[in-house]
Protein chains: 2
Amino acid sequence: MVVTLKEVAERAGVSRSAVSRTFTDGASVSDKMRRKVEKAARDLGYSPNALASSLTTGRTKLIGLVSNNFHNPIFLQVFDQFTKGLQERDLRPLLVNLSSETNPEASVRMLRQYSVDGVVVASSTLPPLFAKAFREADIPVVHSFGRSSSAPEVHVVGIDNVECGRMAARELVRRGYKRVGFMGGPEAATSTQDRFTGFMSEMAAHKEIQTSYSFAQAYSYQAGRREMLRLLKTTPAEAYFCGDDVLSIGALSAIDDSAYSCPQDIGIIGLNDMEMAQWESINLTTIHQPIREIINSSIELMVAMLDTPNRYPEARIFPCSVIERGTLRPAP
Amino acid sequence: MVVTLKEVAERAGVSRSAVSRTFTDGASVSDKMRRKVEKAARDLGYSPNALASSLTTGRTKLIGLVSNNFHNPIFLQVFDQFTKGLQERDLRPLLVNLSSETNPEASVRMLRQYSVDGVVVASSTLPPLFAKAFREADIPVVHSFGRSSSAPEVHVVGIDNVECGRMAARELVRRGYKRVGFMGGPEAATSTQDRFTGFMSEMAAHKEIQTSYSFAQAYSYQAGRREMLRLLKTTPAEAYFCGDDVLSIGALSAIDDSAYSCPQDIGIIGLNDMEMAQWESINLTTIHQPIREIINSSIELMVAMLDTPNRYPEARIFPCSVIERGTLRPAP
DNA sequence: AATCGTTTTGCAACCGGTTGCAAAACCTCC
DNA sequence: GGAGGTTTTGCAACCGGTTGCAAAACGATT
């Protein structure tokens, strides 16, 4: 059925090593030999078994791509770019869906069984614990969109969520809002916590501004809508920093359905700058997260780690910026 | 570094076969032996190498998940469900991004090199040719969201796009529209072609209704918006069947920006019933595609094929239905 | 033609498992 | 305690490759 090295060797009348060598670059083979082998391989339709070779080389070129964000539209772009980028570098993404997992144990075991060369954890909500579990199993790991830290235990590529919280707060202050609110994603997510910390720390410097906060159940449209509907039952703030864009869009829909309107009565600023944020009907003012750069950098880091597994862990933090659209009133 | 069978065997003072058997279910091992081995394995932190074993068993439990739809939000749900479903059955998805590929050659070779047990092609736009290429390489394949056919050459799970086209046409007729339009996705996509065929064939029975058609460049918001803006420059139809929901949403945004309004002046019916279609601010009338069922069925079929590789190809077609929301005017 | 250095080749062991087969161990029954 | 049947175990070969090493082939030089 499937053609093996041995058969090619027999047909070409050479040793198995010779065949192996023609398919390993950097190996010593004469031109004559190479031609003979390639001919036989072509005739038989041979292509080497990557897994068998991984046994001796210790390299599978498989990269575990681990995530639990299968509901946030930005992750489609994330998967698109990761898969493309890995493929371009001759690496294969083994996708792991962690949506329902609460401990890393099983995934670590599974990815070890498949001898992945490395793991990319792509999630802004998973605790650092997950990435660490891979490191402890001696699997090179980079945590994309992970919690930044000045003393990271694993490689982290992402943004400074605390700073983003501050940035949002500064933007609301600058626009002259007097009552502002933080409407976070799920409280357990590290990104929520950090954005919250940043937002509140900046607001602490503005005692004259009344600041409130609450958390939605998830980073989702419905959760954002529900939470905003709840807030609208009493006197809402004049502007909210929402945990992310999809949450913001949910909140906007709630405002649309109410007696209030955006940005006249209530302002919204989101975070991510996902594609939909620029849809004309949404037109969301938001903080841009440089997703493309984060992913490229993650891949580069991964590739580097394959050569130098014990690289000293580093945090690569990319700056964010406010994208002004139509959901905040102009500065006075 | 990584613990092997041999080390466990030595520590337990038994043969390598014994260790292998304790980790293979259905193999003959005494309780005493099993306990001894499991203890040693636990002490050493052993877990078997799935790839090494695949060499002899011929099973990798890897499933190629091939797609080129990394821009349509419904595919996030598709990936979510496929990965979950495969994982639950102890299969591992190897993700392949075909966005920029035009021929199946390279992917087939790659997936063969990794000895995948099967391939799921998840795409409504790839030509049947792609799925066939895998079959010809003797890899079990199911084409999810593929073009249905009464004489399929590979397993296909999806909807009857021709019938969907008819269904949309009937719906517009029923509502009493006198000038209707088909605004398709990219003309090369099989789903576009079939929906077009169905739509036009139904309209052919209604000569009194004026029917026009055009195609957008992609299944995307921007493409839909651009195409609708173009249509609005001359006299638009009273209602359009748009290639899919994301296209519809783009079209809606164009209408919003124009002097017309939806559903008063122009009606829209989409296809897919993606999550956003029910967002309050969108509220799109659309044809529901039973994605969940299609994926579950695809996975079941895949699993069945792993046991019976030469199953006779079948097409599993799921019925669709119109979901009435707010973008078509009521029937007179 | 012999010598020497370099390149190419094949042998054989190995990577981490599985499995058919025969021997060993265990049970049951008389 | 021994015969006969069943279960468990280990041996050794194998899966499809890679690779260190030494022998073979080659090429240049004298």
Side-chain angles (χ1 to χ4, degrees), chain A residues 1-41 44-62 109-117 138, chain B residues 1-41 44-62 109-117 138:
Chain A
M1 190 68 70
V2 60
V3 191
T4 72
L5 191 79
K6 190 160 145 242
E7 303 171 59
V8 177
E10 277 162 10
R11 174 174 250 259
V14 302
S15 73
R16 291 160 57 222
S17 339
V19 180
S20 173
R21 285 188 183 109
T22 28
F23 287 95
T24 318
D25 36 34
S28 151
V29 223
S30 67
D31 281 5
K32 188 154 66 82
M33 169 69 69
R34 156 156 280 128
R35 271 194 299 276
K36 247 197 303 188
V37 172
E38 277 173 351
K39 168 100 171 52
L44 264 43
Y46 169 76
S47 67
N49 180 326
L51 302 179
S53 78
S54 84
L55 217 43
T56 34
T57 60
R59 286 271 156 109
T60 55
K61 296 184 176 177
L62 290 172
R109 196 171 43 247
M110 189 236 107
L111 287 169
R112 270 234 314 225
Q113 289 185 335
Y114 279 81
S115 316
V116 294
D117 287 348
D138 274 314
Chain B
M1 190 66 72
V2 63
V3 191
T4 71
L5 190 79
K6 189 159 147 244
E7 302 171 59
V8 178
E10 277 163 10
R11 175 176 248 259
V14 302
S15 74
R16 289 159 58 223
S17 339
V19 180
S20 171
R21 285 196 261 258
T22 34
F23 286 94
T24 318
D25 36 34
S28 151
V29 222
S30 67
D31 282 6
K32 190 154 64 81
M33 170 66 73
R34 155 156 280 128
R35 270 194 300 276
K36 248 196 306 189
V37 171
E38 277 174 351
K39 167 102 171 51
L44 263 41
Y46 169 76
S47 66
N49 181 325
L51 302 180
S53 78
S54 83
L55 262 192
T56 33
T57 61
R59 285 272 154 111
T60 55
K61 296 183 176 179
L62 291 172
R109 195 171 45 246
M110 190 234 108
L111 287 169
R112 270 230 320 220
Q113 289 186 335
Y114 279 82
S115 317
V116 294
D117 288 348
D138 274 314

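Bear in mind the structure is a predicted one, so any value in this text is a computation, not a measurement. Below, all heavy atoms of this structure are taken into account, side chains as well, without hydrogens, waters or symmetry copies. Residue numbers begin at 1 in each chain, while the letters A, B, ... track the order of the sequences.
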Q: Rounding to 10 degrees, work out the angle separating the end axes of the helix from C:dA1-D:dT30 to C:dC30-D:dG1 (five pairs an end).
A: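 End-to-end axis angle for the helix from C:dA1-D:dT30 to C:dC30-D:dG1: 40°, rounded to 10°.
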**Q.** salt bridge (charged side-chain N to carboxylate O under 4.0 Å, His left out) contacts in which one or both residues fall within residues 15-29 of chain A, not counting sequence neighbours
**A.**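 Every pair satisfying salt bridge (charged side-chain N to carboxylate O under 4.0 Å, His left out) with a residue in residues 15-29 of chain A: there are none.
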Q | Close approaches to DNA chain C from residues 48-60 of chain A, in residue order (heavy atom, under 4.0 Å) | A |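 Per residue number, the list reads A:Leu55, A:Thr56.
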Q | Residues touching DNA chain C, which here means a heavy atom under 4.0 Å, drawn from residues 4-16 of chain B | A |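 Those residues are B:Thr4, B:Leu5, B:Arg16.
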Q | Exercise: identify the closest heavy-atom pair between A:Ala52 and A:Asn49 | A |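 Shortest heavy-atom separation between A:Ala52 and A:Asn49 comes out as N-OD1, 2.9 Å.
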Q. So, B:Ser47 side chain and A:Arg109 main chain: donor-acceptor pair closer than 3.5 Å or not?
A.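 Answer holds: no.
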Q | Span of DNA chain C in contact with chain A (heavy atoms, under 4.0 Å) | A |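 Both ends considered, the range comes out as C:dT8 to C:dG16.
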Distance-only check: which donor-acceptor pairs under 3.5 Å involve side-chain atoms of residues 26-37 of chain A, not counting sequence neighbours?
| unit_1 | atom_1 | unit_2 | atom_2 | d |
| --- | --- | --- | --- | --- |
| A:Ser30 | OG | A:Met33 | N | 3.2 |
| A:Arg34 | NH2 | A:Thr22 | O | 3.1 |

List the residues meeting side-chain contact (heavy atoms from CB on, under 4.5 Å) with [X], not counting sequence neighbours, and say none if there are none.
| X | answer |
| --- | --- |
| A:Glu7 | A:Val3, A:Thr4, A:Leu44 |
| A:Ser15 | A:Ser17, A:Ala18 |
| B:Arg59 | B:Thr57, B:Asp117, B:Leu306, B:Asp307 |

Find the distance between [atom1] ([X]) and [atom2] ([Y]) and round it off to the nearest 0.5 Å.
| X | Y | atom1 | atom2 | result |
| --- | --- | --- | --- | --- |
| B:Phe23 | B:Glu38 | CZ | CD | 6.5 Å |
| B:Gln113 | A:Ser53 | CD | OG | 8.5 Å |
| B:Leu51 | A:Leu55 | CG | CG | 8.0 Å |

Q) What pairs with A:Arg11 under side chain to side chain donor-acceptor pair (under 3.5 Å), at least two apart in sequence or on another chain? A)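 So A:Arg11 forms a side chain to side chain donor-acceptor pair (under 3.5 Å) with A:Asp43.
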Q: Report yes if the side chains of B:Val19 and B:Val14 come closer than 4.5 Å at any heavy-atom pair, otherwise no.
A: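 Yes, side chains in contact.
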**Q.** B:Tyr114: ring-ring contact (aromatic ring centres under 6.0 Å, His included) partners, not counting sequence neighbours
**A.**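 None.
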Q | Selection: residues 29-41 of chain A, any non-hydrogen atom under 4.0 Å of DNA chain D | A |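 Heavy-atom cutoff 4.0 Å gives no residues at all.
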